[in-house]
Amino acid sequence: MAGTNLINRRGALIGAAGATGTLLAGAAAAAVPEIDTGRVQGGQVEFPAWTAPTERPSGGPPNPMPVSERVGFAVVGLGRLTLEEVLPAFGEAKRSRLVALVSGTPDKAARVAAQYGLRPEAVYDYAGFDRIRDNPEIRAVYIVLPNSLHKEYTIRAAQAGKDVLCEKPMAMSSAEGQAMVDACRAAGRKLMIAYRCQYEPYNREVLRMVREATFGPARFIDAVNVQNQGDGAQWRFKRALAGGGSLPDVGLYCLNAARYLTGEEPVEVFARSVSPPGDPRYAEVEESVTFMLRFPGGVVANCATSYGMHESRLLRVHTPGAAISLDGAFSYHDKQLRITRREGRAEAVEERRIPMLNQFALELDHMAECILSNREPHTPGEEGVQDHRIMEAIYQSAASGQPVALPRVEGLDRTRGPAPSS
Ligand code: NAD
């Protein structure tokens, strides 16, 4: 019986092969429609829409630049942000590529270099950092070090002839930040601060609705960025390394959001700061800060930040016609955008889903585009200096219990370069 089955199966297989041959011959004879094959136009691979106009467009192939034409980045500091977000983001970047690493930990650096296909010569240590000058593949340096080291490595990178992308907060104070701006200008190099949310599609959609006054002018902004911080040994609890506690680390996102949504600079701040008494983690830096910003156009922003509360990252804009609410506004990934407004006799709650794009890849590519086209970054050093000035006023208000006035700045977006193209 088994033998018969085998013969039968073979027979069936031969039959199937014959049928397949017929199908292939038929396919070769028919022209494949362009909608299936796509085409190359202006150096880009394109596919015509294959879904009906009722469906969201897919966005198409990313069409990255050829690798050899992309801007080469050296990433300085192999900590969590670098390993968990920045290096993977190069895989989604279109104009940027990773060409070097800087680390003080040789075995980690060697391992990471191997993981990302870098040669051992592309790994630098801090003492040998200035040798990046001799590596023409490195056009930009991305500084992802503890805050106290941003100034030194920004200035050394600029003096080595490289453009600089620096993590937030840009420095320990506005004076340090200004020194970084001045040093980069003197060296003829660009300086961009890594305000990723200003490149992220959900935040940009809220920005669009606020600037176009889609539901009327913004009146109040609520911004919350809190997280529950763990072990006390980390640099974030040391004033000499961090410059402050939750405010410069995560509260900065609330402050920066209120500024980029309105485009204005606050004329007054009022703040309170609290830390749990006796908790050694808060011997040098604060746990929580709430602060109010008053903008010249009439918007008031209420902001709260903390190292002692379960993660919550919320941005809400109140306008006469609708409440715009972005949950996860400052997160790396999950976001939920809701618009609540009247719909006849009902209150409509509309959720808007926007294709998620990697915000680290977007900011890397913005920096690369600015280098390639010699443009000023959207978030240059001046944007970071202004945040430091306001944080200094926030600390002053929290210490005195009094509101602190800030100089009036005329016009919109005075510390920003042209908006990102994508
Ligand atoms: P981390 O502690 O995980 O990494 C810091 C790295 O710096 C480590 O590899 C460490 O070895 C190295 N380092 C070099 N000299 C050091 C020193 N003297 N003391 C301590 N570490 C030293 O920190 P992180 O979370 O990656 O943060 C790095 C920077 O990135 C900070 O400025 C932070 O504010 C910023 N950051 C930004 C985001 C964002 O979403 N944009 C998120 C997290 C962190």
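Order of appearance sets the numbers: ligands from 1, and atoms from 1 within every ligand.
A perpendicular orientation is assigned to the rings of Phe129 and Tyr153, their planes being inclined by more than 60° (bins at 30° and 60°).
Between Tyr282 and Phe237, the distance separating the two ring centers is shorter than 6.0 angstrom.
Evaluation of the ring-ring contact (aromatic ring centres under 6.0 Å, His included) rule for His150 yields no partner, not counting sequence neighbours. Annotation: side-chain hydrogen bond (donor to acceptor under 3.5 Å, both in side chains) contacts of Glu92 (sequence neighbours excluded): Asn358.
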Let me check something: any side-chain donor-acceptor pairs from residues 309-317 under 3.5 Å, sequence neighbours excluded? List them with distances.
from: Glu311; atom 1: OE2; to: Arg313; atom 2: NE; distance (Å): 3.0
from: Arg313; atom 1: NH1; to: Asn225; atom 2: OD1; distance (Å): 2.7
from: Arg313; atom 1: NH1; to: Gln227; atom 2: OE1; distance (Å): 3.2
from: Arg313; atom 1: NH2; to: Gln227; atom 2: OE1; distance (Å): 3.0

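Within 4.0 Å of ligand 1, heavy atoms belong to protein residues Leu78, Gly79, Arg80, Leu81, Lys108, Tyr126, Val144, Leu145, Pro146, Asn147, Leu149, His150, Glu167, Lys168, Pro169, Arg196, Trp235, Arg236, Asp249, Tyr253, Tyr332, Phe360.
Atom CD of Glu167 sits about 9.0 Å away from atom CG of Asn147, to the nearest 0.5 Å.
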